[in-house]
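Report on the following structure.
This is a predicted model, so every value here is computed, not measured.
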Amino acid sequence: MGNKVSFCLSLTGDITQKGYEKKRSKLIGAYFPQAAAQLCVSGMDQSMGPERRTPVTPSSSSRYHRRRSSGSRDERYRSDVHTEAVQAALAKHKERKMAVPMPSKRRSLVVQTSMDAYTPPDTSSGSEGEGQGDGTSSSREGSISMEHWINRAIHGTSSTTTTTTSSTASSSSSGGTNQVFLTSSFSHMPENHSAPPDVTGYTNNTATTATTDGIQVERAPGTGTTPQRQTPKYGNAELMETGDGVPVSSRVSAKIQQLVNTLKRPKRPPLREFFVDDFEELLEVQQPDPNQPKAEGAQMVAMGGEQLGVVTNWPPSLEAALQRWGTISPKAPCLTTMDTNGKPLYVLTYGKLWSRSVKVAYNLLHKLGTKQEPLVRPGDRVALVFPNNDPAAFMTAFYGCLLAEVVPVPIEVPLTRKDAGSQQIGFLLGSCGVTVALTSDTCHKGLPKSPTGEIPQFKGWPKVLWFVTESKHLSKPPRDWFPHIKDANQDNAYIEYKTCKDGSVLGVTVMRIAMLTHCQTLTQSCSYTEAETIVNVLDFKKDVGLWHAILTSKGLKPEVICPCASSPEALTVAIRRPLEEGSTPPARGILSMQGLSHGVIRVDTEEKLSVLTLQDVGSVMPGAVMCVVKPEGVPQLCKTDEIGELCVCTVATGTSYYGLAGMTKNTFEVFPVSNIGTPVSEFPFTRTGLLGFIGPGALIFVAGKMDGLMVVGGRRHNADDIVATALAVEPMKFVYRGRIAVFSITVLHDERIVVVAEQRPDSTEEDSFQWMSRVLQAIDSIHQVGVYCLALVPSNTLPKTPLGGIHLSETKQLFLEGALHPCNVLMCPHTCVTNLPKPRQKQPEIGPASVMVGNLVSGKRIAQASGRDLGQIEDNDQARKFLFLSEVLQWRAQTTPDHVLYTLLNSRGTIASSLTCVQLHKRAEKIATMLAERGHLQDGDHVALVYPPGIDLIVAFYGCLYAGCVPITVRPPHPQNIATTLPTVKMIVEVSRSVCVMTTQLISKLLKSKEALAAVDVRSWPPVLDTDDLPKKKPPLLYKPSNPDTLAYLDFSVSTTGMLAGVKMSHTATSAFCRSIKLQCELYPSREVAICLDPYCGLGFVLWCLCSVYSGHQSILIPPSELEVNPALWLSAVSQYKVRDTFCSYSVMELCTKGLGLQTDSLKSRGLDLSRVRTCVVVAEERPRIALTQSFSKLFKDLGLHPRAVSTSFGCRVNLAICLQVSQGLTTSILVFSVFISLLRTLRTRLVERGSPHSLPLMESGKILPGVRIIIANPETKGPMGESHLGEIWVHSGHNASGYFTVYGDEALQSDHFSSRLSFGDTQTVWARTGYLGFLRRTELTDASGERHDALYVVGALEEAMELRGMRYHPIDIETSVIRTHKSITECAVFTWTNLLVVVVELDGSEQEALDLVPLVTNVVLEEHYLIVGVVVVVDIGVIPINSRGEKQRMHLRDGFLADQLDPIYVAYNM
């Protein structure tokens, strides 16, 4: 009967039962004898697989027959009564069911169910009547069935509830409004709820509580739940949070509303205290509840078993015993194997066992290897690989090894080359030095073979020789050869493998003396005598099965059921003695789960739902001493009413973990101490790995295994108990019994429970979702613990152990790596993460004066810095004489007419066109004539220039200046994407009040095409002039502006938040700008500069169009769009023209990094050389992307690029260039600092070592331009900040823009962006506010004038920053963390909606991987940012919109998501 795996030694009456109702005990009692008779049978057909087994009796059908994964984990799952308890708990919830927003899946991911079935209707915006509930309606709803409820709930009512708060919600559909009333159904909930979670804003409202019919109904005060609108802050930061002005009538927003309502409930524990973490972070630590049960008993006393009475004729060793029975009674049956129907298959007699074992021993020692070099010597380890249905062959081989004095290591039969856990088994075999594997004939034939017929090497295994032990394959030992039979000694007898919680496999060594003593204790305690029969239905390779079946070979009376407890380390820990006739069995212990979770034993009544019913496992083994010690820390004795780890002191235990001295010491050489520190005994104890206590009458109770222990929020829960609860929810309907894994993962300094189950292929999406939400409720009711993640995977996909159970640690590994591929996931971080830092309360602002005084007192500088003073620099800058750029151009056309100013390259790298000073001048004159004649323009009129990047754009710009018009450069619409790009063009033309559009012939046709007609109203375009054929004649007279403060041009740009902002640039500012850049970059006519930027706004436009005319240097123009055709274009041009200075954008840099990553060698062989590059500046309006610049530098280092050449610039709307790094002679290095990311959220910085945990590397944004002054100010109080403090960057400079030019938005709101004054200190200077947060830091470096260098660090835009939990978060930080979590995430964008954090990830992989990302994204954002993700959206590559500067358009993404336009692969709503 070897093929029986599950425990048959415990019966329904004797197993774990929770909530056993007295009135039903008699009823179920009727099944006992019948169940006993059939259980052996029902358990034996394990090989048929768990699904096909036929239920035998009502009690055994609902049992949990799980093929054992580690030892025998299934003793504790089977219980009808538990199922009833769970159903009762769920029934409590029945009237008022919960509604969880159902995730949305793309159709290709959904099996057998239609999307529309559970998408909320579009009408429910979920905002009307939030929380005007009344306490009476719960009784009205009570009669409606649960199915109806689920349907009501899923169809978009705005009422939802969390699972862990144990509050539930119900919706009464009266009069069409959504009424929400919240009920909290648990008596154990404290009355004083802590402040609600922060999803609704920062008004710390406590809900008023009214009680009706003993049920708490929480009424939310009418206004309290909605955050009070404050006055709008800078930009549209406030609009972004509340989402006003965005239509909410979409499915997505209805679901989000549903989620928000759910999350408004307070969380369970009233957390008061918090501790300060080592990085100054306030993480809530769970304070012990003063009412929680504490152990009150006296200290326990070590308990001894009876004396081991050594019978005189007991053999001195097992081999001697075998020899004795084999010779005295050779015909006596030693072992009978049965088939699944209970028919005997095979009988092995003692005589046969003896002769065959001798034969195996002889062959092992003499027939392997050569005479001089035998392969196996006494003391060596060999593997035993036998299937479960062949105990006779195993027994023969086992005793053969004992006789040969070889140490057997029994392991499971490997099924495939890559079994789950095979690597760890291989590691064990390798560390034991195993070179030979013994196996049976049939098993050998069944092993996987390579095409040549050899057995391949299994994953992680050492090379082994396979040795078949059947007699027919072995040679007969000579007459004079006998095995050497010694008395039992300290040598190792066998090594049993044990799989740990983390998946590692240890070998427990058992000495011969321990093995013998163990057999004696079993024989004595079970009072075995000769010629009795023992029925063994366990795995005979390990644990109890090995000892009873193989080692003692005596009998157990069939009518006796005696549970026992065992572990690989301590062998049999306890066994219940057979009862004398007529005596009553000992009583059960009914213990409170709540008490157990605190490690305390509290006897409870059977009526309660959350109780654990335990049966004792007998008393201490003969000759052993047992005690219970605290599971963690010093092995101190427990009190009598405390649960701890059982420890035994006896000869009959394992002695070590093979080859692991340290772990051995902690497990096999433990010296328990009393509370005053004195050791209990001079002999070492062995930890059994079992949790339990010694009850009345010296009976031992086992409550669980150390391996299955999960400590959540300071309370202990047993994985097996949670499995039992999950299975009791509609057992067998959705998930397979035995295919469920429960483990914990550590997220944010606490363990979180994860439940993974295999779902049946026929269950629908809705079924599974309903089952999942009910499992959450059941676990919550019975264990009072929240489940962090519940995942369902397709059937048969979880990694198996060789015996068919689930390989837990491998499942956990797959989960954490994002390789589990679940088909359904429900995450509940909102409900079970209760140790988040407290939301930061807004402190009463310290006045700016006090801040200044404080800085002076502490010796800190006020954070201000400036570039060189423009007035004091003496240089021979001829262009300074002129006030206007148009004059500079005319002067250059006269003095150096043939000097080339511009060279445009095409995608092949050849010159497409070029412009000398005089050519530019003449073509500009013709444009001016055309504007005057065809356009009839007045001076001061606005003209939109819609040109591709190139020479025409420059000519048109100067033509406008010559004609006295104000040019606006506009990016032309994309011919393949007119629908989305043309409206922006139209908008800029309208907003800038352009009276005419100048463009090329090609684009002018495009503007009036059919596609354009579909996108915009083409009739309302102003006149469109095409400049391809210019008039021949010269204008009568060039326009000369009278006042340098008039408008030179308008600069329009769309910010990352989707705001269109145009700024006014005067002639004075334009000239000052060009001069500043000329000085910083040392530009003069003989220089060449390569520019690969979009020439439509900001610094890109200035470098492309203006600087060459001012400084006279040659600009090599490379349109970024050409790089899509030829990624090497830019770098080849830089190399070919021996350029020293080049400018690019992040998108260009990314294109090169991704496109040329593998081609550096071929580029080098073609002679590409970047060693002359002195500066390569990335032009941007954002925080420097340090990862990208560093990978670019590393990648092209081989081509001669100096690591310090790459740097960044920084500009914004109010000042298009504030910093521009140019390293003079490469003396200064670019400064990179790391600051604590947690401090940035509270507007502070602290430098740490690079790569420190929780830190963020920041790169200085470049050297401050000449003529620019910077100060860091508090954005709220407008007071100056101290050095290294984070604040808004304010700038004062001659090239500041002079104001916004726009008819949109509130003019008053933005007026102070250009003319702010400090509220304290220097209140005279007029500053422009950049809208960016950053800090200044004085460094040790000195600049050319000997001054110390001030580095500016830009952290991010204020309007992009998200206010969550009272702190400021920058989207880029969260996105960086998310992108790192999984190789399939290519891009990520985050935004908030109704105070929920929404994370959108682009998936590069199969859609099956989409659900893997949900837990990983949630984990990383919790770990690194202490934020709970509300919604995870998985989309295809390219869905996240990106603007021309390579910046993510998060607000467009948000609007698209809320309007259901993203076509996501999966949307998960975290509870």
Using the rule given for side-chain contact (heavy atoms from CB on, under 4.5 Å), can you reason through L820 versus L798, listing the C-alpha separation, both sets of side-chain angles and the distance that settles it, and then say yes or no? CA-CA 8 Å; L820 199 56; L798 286 179; 3.9 Å; yes
Would D1436 and R106 count as a salt bridge (Lys or Arg N to Asp or Glu O under 4.0 Å) here? Give the steps. CA-CA 11 Å; D1436 297 309; R106 186 175 283 177; 2.6 Å; yes
side-chain contact (heavy atoms from CB on, under 4.5 Å) evaluation trace for R1183 with L1256: CA-CA 12 Å; R1183 177 200 299 176; L1256 171 76; 3.7 Å; yes
One pair to check against side-chain contact (heavy atoms from CB on, under 4.5 Å): L836 and L1422. What are the steps and the verdict? CA-CA 9 Å; L836 281 174; L1422 254 177; 3.8 Å; yes
Would L1411 and C823 count as a side-chain contact (heavy atoms from CB on, under 4.5 Å) here? Give the steps. CA-CA 7 Å; L1411 280 80; C823 47; 5.6 Å; no
Dump the intermediate steps for salt bridge (Lys or Arg N to Asp or Glu O under 4.0 Å) on E1375 and R1450, then the final yes or no. CA-CA 11 Å; E1375 289 158 1; R1450 298 181 182 90; 2.7 Å; yes
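For the pair K1008 and W1021, the cation-pi criterion (under 6.0 Å, within 45° of the ring axis) is not fulfilled.
Nearest approach of L776 to C828, heavy atoms of both residues: CD1-SG, 3.6 Å. When all heavy atoms are compared, the tightest approach of A1410 to I1465 is CB-CG2, 3.8 Å. In terms of heavy-atom proximity, T797 sits nearest to P794 at OG1-O, 2.6 Å. Between P1120 and V1148, the shortest heavy-atom distance links the atoms CB-CG2, 4.0 Å. Here the closest heavy-atom approach between residue L1416 and residue L816 is recorded as CD2-O, 3.3 Å. Closest approach of D1412 and H821 over heavy atoms only: OD2-ND1, 2.5 Å.
No side-chain heavy atom of I740 sits under 4.5 Å from any side-chain heavy atom of V756. The side-chain heavy atoms of Y788 and I745, taken from C-beta on, include a pair separated by under 4.5 Å.
Using a cutoff of 4.0 Å between basic side-chain nitrogens and carboxylate oxygens, R1019 and D1017 are scored as salt-bridged. Between R1380 and E1424, at least one side-chain N (NZ, or NE/NH1/NH2) sits under 4.0 Å from a carboxylate O, which counts as a salt bridge.
A distance of 9.5 Å separates CG of L790 from CG of N824, quoted to the nearest 0.5 Å. Here the SG-CG distance, from C1388 to L1403, works out to 12.5 Å after rounding to the nearest 0.5 Å. Distance check, rounded to the nearest 0.5 Å: CD of E1447 to OG of S1147 gives 9.0 Å.
Looking at H1382, its side chain does come within 3.5 Å of a backbone N or O of G818 through a donor-acceptor pair. When atom types are taken as modelled, the side chain of S768 and the backbone of T764 share a donor-acceptor pair closer than 3.5 angstrom. A distance-only check finds a donor-acceptor pair linking the side chain of N1126 to the backbone of S907 [under 3.5 Å]. Distance alone, capped at 3.5 Å, is enough to place a donor-acceptor pair between the E1402 side chain and the I1440 backbone.
There is a side-chain donor-acceptor pair under 3.5 Å between T1418 and N1470. A donor-acceptor contact under 3.5 angstrom links the side chains of E817 and Q813, judged on distance only. Of the N and O atoms on the side chains of S795 and E758, not one donor lies less than 3.5 Å from an acceptor on the other residue. Under the 3.5 Å distance criterion, with hydrogens and angles disregarded, a donor-acceptor pair is assigned to the side chains of E1011 and S1009.
A 6.0 Å sphere centred on CG of L1002 holds no more than 12 heavy atoms belonging to other residues, nucleotides or ligands.
Tested against H1425, the residues D1373, V1378, L1397 include a single side-chain contact (heavy atoms from CB on, under 4.5 Å) partner, D1373.
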